[in-house]
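Beneath this line is the structure, given in structure tokens, with notes to follow.
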Amino acid sequence: MKILVINGPNINMLGVREPGIYGTRTYDDLVNLCRKHAGEKGVEIEFYQSNHEGAIVDRIQQAYYDGTDGIIINPAAYTHTSVAVADALKAVGIPSVEVHISDPDAREDFRKISFVRNVVARTVKGHGLEGYIEALDFFTEKEGK
Ligand code: CA2
């Protein structure tokens with residue numbers, strides 16, 4: 001099984017600022033955490049991070065052609081603004097899980113809208129970096145059934 005993990009704008013700044021909201025671990029820590037878990041589960045995993053909406057749309061479309069079985073996506077700020085990212089996920093039809101490190105529903109009102117929520121199989125929020133592991137388990141457990 002091949003899983004693609006997509007992270008949106010500023011997630012590359014993890015651990016650098018706002019530790020009270022996003023913790024002290026870095027983007028590299030996130031990648032290593034997921035790689036370790038994926039290795040234990042025998043899953044092939046790839047990572048993509050971009051600060052650009054169109055680049056994220058391009059990567060989602062590419063997943064349609066490169067044999068990706070599942071997408072884990074934290075669209076970050078684009079969660080609350082991007083019809084394009086939601087449309088791309090819908091267009092490729094690859095089972096997807098939305099992950100948020102914090103719980104956007106418990107923060108400012110403008111974070112309560114998610115354009116991707118209706119096109120993903122599951123949303124994991126407020127569980128820190130471990131939310132990505134939960135998302136991975138969603139795919140591996142689904143496979144076993
Ligand atoms: O909780 C999440 O994972 C978010 O998707 C993170 C986004 C935010 O816009 C969403 O509402 C919720 C922001 C990511 C910014 O990441 C930073 C990391 C370190 C320092 C500053 C920002």
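One-based numbering, in listed order, for ligands and for the atoms of each.
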- request: State plainly whether the residues Asp105 and Arg111 are in salt-bridge range, i.e. N to O under 4.0 Å.
  value: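 Looking at Arg111 together with Asp105, the answer is no, because their closest N to O distance does not fall below 4.0 Å.
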task: At a heavy-atom distance under 4.0 Å, which protein residues reach ligand 1? Sort them by chain and number, would you?
output: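 Under the 4.0 Å cut-off, ligand 1 touches Pro9, Asn10, Ile11, Met13, Leu14, Arg17, Glu18, Tyr22, Asn74, Ala76, Ala77, His80, His100, Ile101, Ser102, Arg111.
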task: Please test Arg25 against Glu130 for salt bridge (charged side-chain N to carboxylate O under 4.0 Å, His left out), starting from the C-alpha separation and ending with a verdict.
output: CA-CA 11 Å; Arg25 287 178 288 177; Glu130 278 65 30; 3.0 Å; yes
- prompt: Quick one: do the Asp66 and Thr68 side chains pair a donor with an acceptor below 3.5 Å?
  reply: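 Distance-only check passes for Asp66 and Thr68.
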query: Regarding Glu98 and Thr79, is there a side-chain donor-to-acceptor distance under 3.5 Å anywhere?
result: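 Judged by distance alone, the side chains do not pair up.
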Just distance, no hydrogens or angles: give the donor-acceptor pairs under 3.5 Å from side chains in residues 69-78, sequence neighbours left out.
{"unit_1": "Asp69", "atom_1": "OD2", "unit_2": "Lys2", "atom_2": "N", "d": "2.7"}
{"unit_1": "Asn74", "atom_1": "OD1", "unit_2": "Ala76", "atom_2": "N", "d": "2.9"}
{"unit_1": "Asn74", "atom_1": "ND2", "unit_2": "Val99", "atom_2": "O", "d": "3.4"}
{"unit_1": "Asn74", "atom_1": "ND2", "unit_2": "Tyr132", "atom_2": "OH", "d": "3.1"}
{"unit_1": "Tyr78", "atom_1": "OH", "unit_2": "Asn51", "atom_2": "O", "d": "3.3"}
{"unit_1": "Tyr78", "atom_1": "OH", "unit_2": "Glu53", "atom_2": "N", "d": "3.2"}

- request: Decide if atom NZ of Lys112 counts as having more than 12 heavy atoms of other residues, nucleotides or ligands within a radius under 6.0 Å.
  value: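 Yes, enclosed.
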